[in-house]
Amino acid sequence: MHTGGGVAREDNGSLRNFKLNESTFLASLMPKKEIAADRFIESHPEFDGRGVIIAIFDSGVDPAAAGLQVTSDGKPKILDVIDCTGSGDIDTSTVVKTDSDGCIRGASGATLAVNSSWKNPSGEWHVGYKMVYEFFTDTLTSRLKKERKKKWDEKNQEAIAKAIKQLDEFDKKHKKAEDAKLKRVREDLQNRIDFLRKQPDSYDDKGPIVDAVVWYDGEVWRVALDTQSLEDEPDHGKLADFAPLTNYRTERKYGVFSKLDTCTFVVNVYDEGKILSIVTDCSPHGTHVAGIASAFHPEEPLLNGVAPGAQIISCKIGDARLGSMETGTGLTRALIAAVEHKCDLINMSYGEPTLLPDYGRFVDLVNEVVNKHRLIYVSSAGNSGPALNTVGAPGGTSSSIIGVGAYVSPAMAAGAHSVVEPPSEGLEYTWSSRGPTADGDLGVCISAPGGAVAPVPRWTLQKRMLMNGTSMASPSACGGFALIISAMKANSIPVSPYIVRKAVENTSVPVGGLPEDKLSTGQGLMQVDKSDFLFLAFTLLQLAVDIFVISDINFDHFLHYRAYEYVQQFQNFPCAWYEIKITQSGKPTPTYRGIYLREASACQQSTEWTVQVEPKFHEGASNSEELFPFEECIELHSNGKGVVMGPDCLLLTHNGRSFNIVVDPTNLKYGLHYFEIYGVDCKAPERGPLFRIPVTIIKPMAVLTRPPLVSFAKMSFLPGHIERRFIEVPLGASWVEAIMRTSGFDTSRRFFVDTVQICPLRRPCKWESVVTFSSPAAKSFAIPVVGGQTMELAIAQFWSSGMGSHETTIVDFEIEFHGIDVNKDEVLLDDAPVRIDATALLASERLAPDAILNKIRVPYRPIESKLCVLPSNRDKLPSGKSIMALTLTYKFKLEDGAEVKPQIPLLNNRIYDTKFESQFYMISDANKRVYAMGDAYPNSSKLPKGEYTLQLYLRHDNGECLEKMKQLVLYIERNLEEKVKAYAVSAAMVKNCFVDVIRLNFFSQPDGPVMGNGAYKSSNLVPGKMEAFYLSPPSIDKLPKCSSQGSKLSGVISYGKLSFGQEEGKNPRKNPVSHQIAYIVPPNKVDEDKGKDSPTCTKTASERLEEEFRDGKIKALGILKQDIDEDRSEWKKLAACLKSEYPKYTPLLAKILEGLLSRSSVGDKVHHNEEVIETANEVIDSVDRDELAIFFSKKSDPEDEEVEKMKKKMETTRDQLAEAIYQKGLALAEIESLKQGEKASTLAATIESIESTKDVDKTGEQSRPVDKTGEQSRPESSGQSDLFEDNFKELRQWVDTKSSKYNTLLVIRERRRGRLGTALKVLNEMIQDDAEPPKKKLYEQKIYLLEEMGWNHLATYERLWMHVRFPVSLPLF
């Protein structure tokens, strides 16, 4: 028997004086001995997982990670790497062709040289791009940002030094710069320095761009990336130098973005080249999990995974856009991939709490995969222990999935965790989730080692790291299953999840000596082979013989089976799984999978239950060979004599059989009790239990004292010890005030303190706290509770806390129940005060009501809906049915910056316990910039003022379900905070937005809100005496401006007051118990001015008719198109006709100018600009500027309607005049630049797209001549320069030339005079002050100015930001 080095055993089987040598230390880093996997491989090296494929549903696996290249028999380790979430998808539907130079225009706008050796028979290149940080984890992105920021800072400091030198040289040359021009030059130099110094404050690196190119080479789709912007060297990362990749499963090749990030990626092409998926991992978690299951290290076998011969496929279900949260889309696609690749096993180390166990769309698909396609599904049980009822979905709550708890052995504690002194024997990790489920199922099936030092992705810059959790226990167990399946396949034994699961559960070694330990560890520690642990089994069974079946069963033969031997021995027995459905007699619903008596009322009498046992065969089972002959004589055994009673035997056929059992808990002591009824084959009892019916009984203690006080004194704790207390919460209690006192220890102690209550159709009501005591002390807690429901109090000393110290920790825990009972759990306010009745049922309480409205929800209906069938095979279910997608589009507007959260009550907060497959949303502005993404768990996002589009993406294979969702109401929820700064996305656009929460008032009289008297503050409630008060609705003047009719204001109301550490009237949310309160915004008040008679019109009917006729003709002119020469000719004729008819009518002339400017294609630019100048002059001449100036120099009476009407008319005329002057200035500047041929100063280079005026390398480091600073005079040919300046001065008389509407002309003027620093300052101020969505032309001007000054590091930065602010299209879902 292999025992390892340095281990001494005592008679009771515990481990003492544990010492590690080199081999046992390495073995402890990747635990295999605990489940006897090492012994199994030692005995059967050819059964090390060979022939087995495991699907890893996780955050993605790095194919370059240590130990994940080949299997033990030299086959490729990773068969496929798939991003099931779509987070790495790139839209490559745009097709381009090469130009005469063999180049293509990438989706980012960059010119890319194509390698001439690449085969592309069609000549079509699909292009797309993505910001590289979207592929990376937050950790990797943070590292890269630091390194890139360091280099950027160096360049910026260099630019500052040059700018300071220029200013010093100027000051030396002009010691007294009194001349106005010299002052402006010096101001310009100073502006440059100031601008550069401010840049680090607003620096926000959005990362480089990756251009992607996809093409079909005649055999497969190929992919190449251009990553120049990631590289430090200018010649690195070019598209033509990239070694093309194809779908990973075809050639199993991967790439690395750059040496700096060392991030591995693979590619997959979908939908005939229209979608490129670049797959990276979204955390090290998935690689670590894969390493535990199957890593192979030929140079260091002790670090091998459990099944080094197994192959894997990586199914990334963690969405990088959501951090690493799983999505319904990812889960569904992963199941599709697992079936497609004919996987044997699925490991999923993901999960969360659930509303309903064994329920939901995903569970339905899993059942199909397991029952029809015979995959074995292994998953983590969760990390929410130590309280009961904490198993998560899907691992701990789904019948078809094997949920795994986390076990830690002494070797693991000593080696992997490096504790001072390991525990004497193995135990479940403190945080490992416990059963049962809400419907009585055990929850945890088996346990496995829950910690390992395993491989991690290369981008972490380390080979392996320690992680622990049920996430690690699951792949350990999964690897064990792979060994069994490997042996079965090698020996031609048909693989069935039913027989393999039964084999593992019936051969596991119990952990702990009490029946209720099963709720923590399941059937026990998995055993692939006979192990050192097995000799402990009988000692443990003597302590807990009830864990299996009664003593007349021959355990000697049964327990000495290893899991594989069990499979061999019983391979010819019927391959069936036994489904258990339980109902309480006389009640057809609900249906349970176990019996769970938790509440006090259920323990006061006996209850009868009907159990339906139905054998389940795999789909396609033969009627004549499997179903018809199936008949088993079952002996039923109960380990709860006198408590759980049932029949002795039953005859079971494939149609199932029902029987009744009686549960009598009346004589049980207070506390937790666990029993089972087992069904054993009479003819082959050595098969062990064929099915188990778990019976969990919690008998809570009643609180009879008044005031209601419970104390638990002198509880003793050692590392890993858990104390559970079950209390029937008194009716009328709504919160608990508890004090925990510790004593009797030396080194610090860490405790988990949890409370759990179970309420119908709710997730477990759990409160938790992790408390560390550095020395003996007391700590207070306030805990919400539900009256009348049993509360579990679980106190656990963390498994490794206090190791090395032999002092026992003594804990005294005191609980006092409090509560104020009110007649309204939820308050809905209308225009009248609401009366609230309050009573203290338990003890005197301080009644101090407090209520606030702190959120507003505005409802929206979709403005558009699109339903389509998804074409890709990755969206076709194993049944052959295609998944459909519904895209709903919503529009909303924010009048000021705010933090908002989209809410869909029907769908939110559920992933597993929902019949809908998935949901995803993205919020974008008018420029298609995406500000927020989310799924079932929406997050708040800070948005600047503006108009937004929200697209909601819903998936399901049932089109009728999606059709019903086409008018789905979505709510935009906005937080109302007291004096909170709402920051715009750019740090340069910070704005303060003060939106107060609405604090509601209380009154002792119903007329109090109107009369203004009788305010209610607080009082003392005496038990049995009711007190009433009124809650006033908010006053209309306090409603937020964004609250439209039908909007819902929501908040919380609290009534009680803690006896410690709380001030009255501060914040009801800080109370342990608060209730929901809502107010529906009523219709707006009627506009008093509406309906008043308009002023009498002095014009005759014929005059009014003539004006309408004239305005109609002008409107018709504006509608005419000018796309082709014929249309343009017609437009000119009509314009000339109208001009002759109304020669001095300013609105007409302004409309003609507008028409000229609207032409999309202009041949002779000089002639076109001369036309613009001529028409602008006509507009200018048509305006009586003296009259206009006189009018605006006088103050008008706002109450005089005639004057106000005239004011509006004059404002319109002024705007038309200013627009004409502005357009004339632009035309003058462009004519000047065109005639002089000075491209560097052309207007086009300032206001047109940067990409269309120059070909710049993606790195942005194109060299440009540095400007010569100074007041430059312009050539005065034809007097153009004087005309421009005179025109600008004229414009400045009428409008603010710094406004966003006229900014271009101001920037041109500063540039013409060589004051580039001042031009940049003005432009930057315009960008910051622009209240509308960012305008692309402003940023293009900024980039051009930065390049003209030689500040290429800033130009590069801004150019990358252009892809964030102004993307070509929205990203794919």
Taking all heavy atoms of [X] and all of [Y], pick out the closest pair and write down the distance.
X: Arg1214; Y: Trp1294; answer: CD-O, 4.0 Å
X: Ser229; Y: Arg148; answer: O-NH1, 3.9 Å
X: Pro1367; Y: Tyr129; answer: CA-OH, 3.6 Å
X: Asp204; Y: Trp1361; answer: O-NE1, 2.9 Å
X: Leu1138; Y: Leu1148; answer: O-CD2, 3.3 Å
X: Val1295; Y: Ala1218; answer: CG1-CB, 3.6 Å

Salt bridge present between [X] and [Y] (N-O < 4.0 angstrom):
X: Glu231; Y: Lys238; result: no
X: Glu1154; Y: Lys1151; result: yes
X: Lys945; Y: Asp896; result: no
X: Arg192; Y: Asp188; result: yes
X: Glu158; Y: Lys162; result: yes
X: Arg1365; Y: Asp925; result: no
X: Arg1312; Y: Glu1232; result: yes
X: Arg1311; Y: Glu1348; result: yes
X: Lys172; Y: Asp168; result: no
X: Lys1115; Y: Glu1108; result: no

key: salt bridge (Lys or Arg N to Asp or Glu O under 4.0 Å) partners for Glu1130, two or more places apart   =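 Glu1130 satisfies salt bridge (Lys or Arg N to Asp or Glu O under 4.0 Å) with no residue once adjacent residues are dropped.
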
key: Heavy-atom donor-acceptor pair, Asp211 side chain to Thr227 backbone, under 3.5 Å   =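 Not confirmed, Asp211 side chain does not pair with Thr227 backbone.
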
request  = Output yes when a side-chain donor or acceptor of Thr1356 lies under 3.5 Å from a complementary backbone atom of His1353, and no otherwise.
outcome  =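 Between the backbone of His1353 and the side chain of Thr1356 there is no qualifying donor-acceptor contact (under 3.5 Å).
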
Strictly by modelled atom types, are [X] and [Y] linked by a side-chain donor-acceptor pair under 3.5 Å?
X: Gln1341; Y: Thr1304; result: yes
X: Lys1224; Y: Asn1177; result: yes
X: Arg1128; Y: Gln1122; result: no
X: Asp194; Y: Gln190; result: yes
X: Trp1351; Y: Glu1347; result: no
X: Ser924; Y: Thr949; result: no
X: Tyr1142; Y: Lys1113; result: yes

ask   = So which of Leu1323, Leu1306, Val1307, Asn191 actually passes side chain to side chain contact (heavy atoms under 4.5 Å, CB included) with Thr1318?
value =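 It is Asn191; the other options fail the test.
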
4.5 Å side-chain heavy-atom contact, [X] and [Y]:
X: Asp1186; Y: Phe1191; value: no
X: Asp91; Y: Val1368; value: no
X: Cys103; Y: Leu112; value: no
X: Val95; Y: Trp125; value: no
X: Leu239; Y: Gln228; value: no
X: Lys1336; Y: Met1362; value: yes
X: Leu1228; Y: Asn1287; value: yes
X: Ile1327; Y: Lys1335; value: no

How many angstroms lie between [atom1] in [X] and [atom2] in [Y], if you round to the nearest 0.5 Å?
X: Asp1164; Y: Asn1169; atom1: CG; atom2: CG; result: 9.5 Å
X: Met131; Y: Ile209; atom1: CE; atom2: CD1; result: 4.0 Å
X: Met1326; Y: Leu1338; atom1: CE; atom2: CG; result: 8.0 Å

message = Please determine whether side-chain contact (heavy atoms from CB on, under 4.5 Å) holds for the pair Val213 and Asp226, giving the CA-CA distance in whole Å, both sets of side-chain angles, and the decisive distance to 0.1 Å.
response = CA-CA 8 Å; Val213 180; Asp226 185 280; over 6 Å; no

inquiry  = Could you tell me if Arg929 sits above the aromatic ring of Tyr931, with its cationic atom closer than 6.0 Å to the ring centre and no more than 45 degrees from the axis?
reply    =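 Satisfied, under 6.0 Å and within 45°.
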
task = Could you tell me whether Arg1309 sits above the aromatic face of Phe1284, with NZ or CZ closer than 6.0 angstrom to the six-membered ring centre and within 45 degrees of the axis?
result = no

query = What is the ring orientation for Phe170 with His174, classed by angle as parallel under 30°, tilted 30 to 60°, or perpendicular over 60°?
reply = tilted

message = Over 60° means perpendicular and under 30° means parallel, so tell me whether Tyr1357 and Tyr203 are parallel, tilted or perpendicular.
response =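 Because their plane-to-plane angle is under 30°, the rings of Tyr1357 and Tyr203 count as parallel.
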
task = Can you establish whether the number of heavy atoms outside Lys893 located under 6.0 Å from its atom NZ is more than 12?
result =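 It does not: Lys893 NZ has 12 such atoms or fewer within range.
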
request  = Assess whether side-chain contact (heavy atoms from CB on, under 4.5 Å) is satisfied between Tyr1302 and Leu1226, documenting all intermediate values.
outcome  = CA-CA 10 Å; Tyr1302 307 105; Leu1226 295 180; over 6 Å; no

request  = Check the pair Lys1321, Glu1310 against salt bridge (charged side-chain N to carboxylate O under 4.0 Å, His left out), reporting the backbone distance first and the verdict last.
outcome  = CA-CA 10 Å; Lys1321 177 185 177 183; Glu1310 294 300 323; over 6 Å; no

query = Between Arg105 and Val127, does a side-chain contact (heavy atoms from CB on, under 4.5 Å) hold up when you go through it step by step?
reply = CA-CA 8 Å; Arg105 185 176 178 83; Val127 295; over 6 Å; no

